[in-house]
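Working notes, structure below.
Residue numbers start from 1 in every chain, and the chains themselves are labelled A, B, ... in the order their sequence lines are given, proteins ahead of strands.
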Amino acid sequence: MDQSIYQSLQTGIGLLLGCAVITPWLSGKRQWAGALNFLATLAAGLVFSGLAIQVLNGNSAPASFDLHVDLPWGGLAIPLLIDGFSAVFIVLISLVAAVTAFYCIGYMEMDHYRHYSLRSFHFCYPVFIAGMIALVTVDDLSTGFTIAWQMMTLASFFLIRFDHKDPVIVRSANKYLILMELAWAAVLAAGLMIPGCGWGTPLHQIADQLGMLDTGLRTLMLALVLLGFGMKAGMFPLGQLWLPDAHSVAPSPISALLSGVMLKTGIYGMLRTLFWMTPESMPARELQYWGLAVALIGVVTLFIGTSQSLKQVDAKRLNAYSSIGQIGYIILAIGAARFYLGPDAALHTLALLAILGAFLHVLNHAIFKSLLFLCVGSVQYTTGTKDLDKLGGLFALMPVTAIIAGIAAIAVSGVPAFSGFTSKWAIVASTLLSGKAAGIFVIFGVVALVTSAMTLATYVKLYGMTFTSVGVEWNEKNNVHEVSKAMLAPKAILAAVCLLQGFFPWLFVALFGRVLATSEGTLSQALGTPAVFDTLAQSYSGIRFLGSAGTPVAFSLPLVMVAMLLVAGLVALWLRRAGGAEERSAPVWLCGYQTLNNANRYLSSHIFDAFKKFMKWTGGNVRA
Amino acid sequence: MTSTPLPTLLSILQVFLNLLIFLALAPLFDGIVRRVTARVQNRQGPPLVQSLYDILKLLGKENIDSTGILPFKLAPLIAFASMLCVIAILPMAGRATALTQYADAISLVYLLTLGGVAVLLGAFASKNIYALIGASREMTTMIMVEPILFMILLLGVLKTGSLDLGAVIYGTPMAAFGLPGVVMIVVSLFGLQAFVARQPFDMAEAEQELLGGPFIEYSGPNYALFKYYMMLKQMFYAYLPIAMFVPLLGTGFYLADLALQLALTALVFLLIGLLSATHPRYRIDQAIRYFGVLFLIALGAIAAAVVL
């Protein structure tokens with residue numbers, strides 16, 4: 001037990017809670033309060049990051065200790081566990097929280113929010129962050145879990161219903177609260193119902209107890225826990241119940257936090273359940289069935305979520321549905337990894353590729369989806385709308401936001417050399433390479449590939465209808481301009497991280513190696529060995545995945561791709577100039593219509609009309 | 001860490017040879033289609049090199065920019081560049097280029113998609129309603145057709161257990177594909193017109209109704225780049241099934257293999273010309289249903305390949 005880790009955790013949480021107490025008193029001076037909120041989040045984030053680096057650098061595996069809280073009516077003991085996995089989630093939460101807090105300073109000055117007090121906002125924001133940090137550090141399913149979950153849920157509930165004068169928003173927030181409490185109840189029920197477990201039983205004991213149960217009861221318990229965490233993560237069909245409504249009505253920076261990091265706490269829970277709470281004594285077959293079931297849910301989630309996202313005309317709903325789809329990829333990868341860790345040792349290396357894909361996609365999705373929400377937020381800030389039918393032509397008016405949004409959009413679409421590509425490559429490759437050993441996963445892989453084409457279509461539409469094409473000039477506001485530097489800076493930081501993730505995936509593979517080395521449990525035992533880890537050959541240019549014979553069978557080499565594309569682009573540029581053609585600008589040729597106007601325009605809701613009809617059965621349809 | 005074998009001089013030459021073959025032959029193959037169409041319609045038809053003349057002429061014509069924003073100017077460059085990359089990594093006639101080792105089947109498919117995205121980017125930037133209608137149809141076609149193409153490659157992946165392009169395309173003797181291979185050949189024949197975006201599947205450009213769709217606002221060198229991109233893409237799509245399913249001669253002579261493959265590709269273009277000259281255009285909703293059926297058949301073949 002390392003005292004300094006424990007102290008850093010306390011300091012960080014203390015900073016956040018202290019900020020929650022102090023800042024609301026300053027909320028009369030809105031920007032000062034925002035700045036204080038940012039500083040506290042940043043300071044706590046730095047403390048947490050220091051802690052995480054210490055954990056990841058440590059050669060001893062996880063730090064676990066009990067947190068003792070002395071209350072008047074008796075002491076509480078909460079088991080905590082900080083290993084490599086929690087450390088990465090902690091850094092991720094800290095980074096996105098700090099960047100978003102900075103963005104909030106400017107964003108909450110939006111005209112629409114002027115008449116709202118920021119008191120509750122500034123109370124809830126740090127509590128929300130503290131709750132998420134707590135959730136990825138507690139090591140039980142009862143006491144600590146309840147405190148963390150409720151901090152996270154209640155604070156985010158009030159943040160979502162910030163615009164409380166709109167009954168639709170209040171209804172969405174209420175629905176969110178009810179479903180999250182149900183999820184809490186499901187996990188807690190499992191945590192308490194397992195014989196021999198009570199308040200404050202750590203996970204490894206729960207796992208031991210589960211091993212002694214008979215199959216039926218054990219299945220029920222694991223199902224309850226997965227149901228709870230799956231509800232949070234946005235798993236089909238539970239995600240559709242709350243996620244699009246809650247994410248689209250919250251203030252944009254809050255949506256960024258919800259989508260970027262809060263959903264990942266559900267993924268964290270699923271990872272812990274499938275790889276830490278499954279006892280050694282459990283039959284391998286049964287574990288594989290769990291893997292298959294989870295992967296199947298993941299495939300359905302990614303397909304349905306993305307095809308619903310394609311249909312949306314509200315930019316934030318589109319992002320929210322797409323989050324369900326992207327979470328589906330992660331769930332698929334987790335399930336595949338669980339399945340591959342069966343008796344067939346040849347599949348173990350594929351398990352490594354799959355779980356690496358899940359890990360990378362958690363990191364990548366957190367960054368690009370936060371970025372997309374912040375960009376849509378900026379658009380909403382300056383135009384007053386997030387309806388894609390009313391937007392268009394913003395590239396000329398807000399070029400910096402447009403370029404940043406472009407980076408995020410190609411990252412989510414998985415265009416080679418950008419961040420979504422490597423994680424999707426790992427996930428798809430791990431399913432396809434299983435071949436005959438796990439045939440159904442090949443079909444899953446094909447579905448995942450079809451879906452990434454749909455993701456592309458979704459974001460081509462979002463980007464095209466917001467930043468290129470035409471339309472915003474006929475909107476109610478005509479003084480559309482770029483947002484302030486203070487709102488561009490956070491986006492620029494996230495965009496830089498996003499590019500880094502895309503171009504240098506091997507950095508994150510190395511990080512993943514540290515995570516495996518500083519964690520315990522099935523994953524580290526089976527995959528952390530040098531023999532297995534060597535199948536991921538890394539070099540400056542990317543990652544190669546080696547087959548059983550040691551020859552590379554799959555590659556993701558973004559730097560080479562970028563270099564190739566650049567050279568080819570220069571050739572194209574030369575060719576374009578080779579003829580010495582003159583350039584001239586002229587208005588659009590409208591085939592006889594004299595002027596372009598709002599009535600003579602192809603709207604976002606018309607796009608992919610035939611395809612949307614074809615996919616009507618997947619639900620999530622928008623008004624005809 | 002594995003060290004990549006240093007590219008030999010020959011494999012570097014191979015990159016340029018690939019590019020040369022594609023850049024030189026793609027306009028000629030386009031010429032075949034135009035000639036066949038003309039013959040079906042009782043016309044003489046233009047000379048085979050007419051498409052190349054068209055491109056050269058367009059390169060010198062006035063470049064009109066209707067939007068003044070970056071995506072509009074960038075789109076033709078990205079489209080053309082992505083296609084050059086695809087060609088550069090393609091192992092022709094069984095011989096890997098210096099760049100083949102840096103790309104697997106998944107990156108190939110995503111690179112192809114990048115070209116499509118560039119077309120859409122340009123179309124969306126055009127501010128023209130016809131371009132948007134075309135873009136919408138183009139994207140819909142892409143969602144349905146790319147997976148079918150990928151499943152053809154997947155057959156090779158399943159047989160060899162590798163995503164390496166050389167292994168995927170040439171790693172399996174024809175007989176080893178068995179029944180799924182036969183089904184996939186049929187699928188690629190029925191998908192051919194969609195792959196090359198010719199009638200009956202040219203809804204996106206549909207000259208008679210959309211006046212070129214995504215390309216309507218493009219002129220001069222920008223349009224030349226897009227036209228060249230389309231020709232290269234068509235040649236790639238016609239070439240790929242030949243490479244996958246027609247075995248190499250095994251004489252050891254690279255040029256003999258290459259000549260056979262290219263001759264067969266020319267035959268495929270003859271077929272493309274005949275089909276497009278004799279078929280009316282589908283509506284987009286009809287096309288989606290057609291692709292849907294094709295997709296399910298291909299998926300069935302994959303399932304069979306996994307089980308058998």
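Between F614(A) and G292(B), the shortest heavy-atom distance links the atoms CZ-CA, 4.5 Å. Closest approach of A572(A) to F80(B), counting heavy atoms only: CB-CD2, 3.6 Å. Taking every heavy atom of both residues into account, A81(B) and G569(A) meet most closely at CB-N, 3.5 Å. In terms of heavy atoms, V306(B) sits closest to G439(A) at CG1-CA, 3.0 Å.
For chain A, the option among A167(B), S82(B), A103(B) with the highest count of heavy-atom pairs below 4.5 Å is A103(B). For the options L120(B), I133(B), L154(B), heavy-atom pairs under 4.5 Å to chain A are most numerous at I133(B). Considering only heavy-atom pairs separated by less than 4.5 Å from chain B, the leading option among A578(A), A453(A), P416(A) is P416(A). Counting heavy-atom pairs closer than 4.5 Å to chain A, the top residue among L158(B), V117(B), D285(B), L132(B) is L132(B). Of the listed residues I78(B), V168(B), L99(B), the one with more heavy-atom pairs under 4.5 angstrom with chain A than any other is L99(B). Among the candidates V157(B), T113(B), L299(B), the residue making the largest number of heavy-atom pairs closer than 4.5 Å to chain A is L299(B). Among L74(B), I302(B), I143(B), L163(B), the residue with the largest count of heavy-atom pairs under 4.5 Å with chain A is L163(B). Interface check for chain B: of the options I410(A), L310(A), V428(A), L456(A), the most heavy-atom pairs under 4.5 Å are formed by L456(A). For the set T451(A), V571(A), L557(A), the count of heavy-atom pairs under 4.5 angstrom toward chain B peaks at L557(A). With chain B as the partner, the residue from K461(A), M564(A), M454(A), K424(A) showing the most heavy-atom pairs under 4.5 Å is M564(A). Ranked by heavy-atom pairs under 4.5 Å with chain B, the first of I440(A), V442(A), D609(A) is V442(A).
In this structure the side chain of V450(A) never reaches within 4.5 angstrom of the side chain of F150(B), judged on heavy atoms. Between V415(A) and Y110(B), every side-chain heavy-atom pair lies at or beyond the 4.5 Å cut-off.
Between atom OG of residue S136(B) and atom OH of residue Y602(A) there is a gap of 4.0 Å, rounded to the nearest 0.5 Å. Taking CZ of R544(A) as the start and CG of D164(B) as the end, the distance is 9.5 Å to the nearest 0.5 Å. To the nearest 0.5 Å, atoms CG (L77(B)) and CH2 (W574(A)) are separated by 13.5 Å. Distance CG/L566(A) to SG/C85(B): 9.0 Å, rounded to 0.5 Å. In this structure, CD1 on I288(B) lies 9.5 Å from CE on M615(A), to the nearest 0.5 angstrom. For the atom pair CZ of F72(B) and OG of S585(A), the computed distance is 10.5 Å after rounding to the nearest 0.5 Å.
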- Would L114(B) and L565(A) satisfy side chain to side chain contact (heavy atoms under 4.5 Å, CB included), going step by step from the backbone distance to the final call? CA-CA 11 Å; L114(B) 181 61; L565(A) 280 168; 3.8 Å; yes
- Message: Could you go through F611(A) and M139(B), starting from their C-alpha distance and side-chain angles, then the distance that decides it, and tell me whether this counts as side chain to side chain contact (heavy atoms under 4.5 Å, CB included)?
- Response: CA-CA 10 Å; F611(A) 189 71; M139(B) 189 71 233; over 6 Å; no
- Message: Set out, in order, the CA-CA distance, both residues' side-chain angles and the distance that settles side chain to side chain contact (heavy atoms under 4.5 Å, CB included) for I607(A) and F124(B), then state yes or no.
- Response: CA-CA 11 Å; I607(A) 286 191; F124(B) 273 92; 3.5 Å; yes
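In this structure, S469(A) contributes its side chain and A125(B) its backbone to no donor-acceptor pair below 3.5 Å.
In this structure, the portions of L111(B) lying under 4.5 Å from any heavy atom of chain A include both its backbone and its side chain. Using a 4.5 Å cut-off between heavy atoms, F545(A) makes no contact with chain B at all. Using a 4.5 Å cut-off between heavy atoms, L70(B) touches chain A through backbone and side chain atoms alike. Residue A224(B) does not touch chain A at all, counting heavy-atom pairs closer than 4.5 Å. With a 4.5 Å cut-off on non-hydrogen atoms, M144(B) touches chain A through its side chain but not through its backbone. Residue contact with chain A, scored on non-hydrogen atoms closer than 4.5 Å, involves the side chain of L84(B) exclusively. With a 4.5 Å cut-off on non-hydrogen atoms, A79(B) does not touch chain A at all. Interface residue L449(A): only side-chain heavy atoms are found under 4.5 Å from chain B. Contact of F295(B) with chain A is made through the side chain alone, with heavy-atom distances under 4.5 Å.
Among residues two or more places apart in sequence or in another chain, the side chain to side chain donor-acceptor pair (under 3.5 Å) test is passed with D104(B) by W425(A), S107(B). Listed by chain and number, the residues in a side chain to side chain donor-acceptor pair (under 3.5 Å) with T100(B) are T97(B) (sequence neighbours excluded).
When the heavy atoms of residues 393-402 of chain A are compared with those of chain B, the residues falling under 4.5 Å are F395(A), A396(A), listed by number.
Within 6.0 Å of the NZ atom in K227(B), the count of heavy atoms belonging to other residues, nucleotides or ligands does not exceed 12.
Listed by first and then second residue, the salt bridge (Lys or Arg N to Asp or Glu O under 4.0 Å) pairs that reach into residues 559-585 of chain A are R584(A)-E62(B), sequence neighbours excluded.
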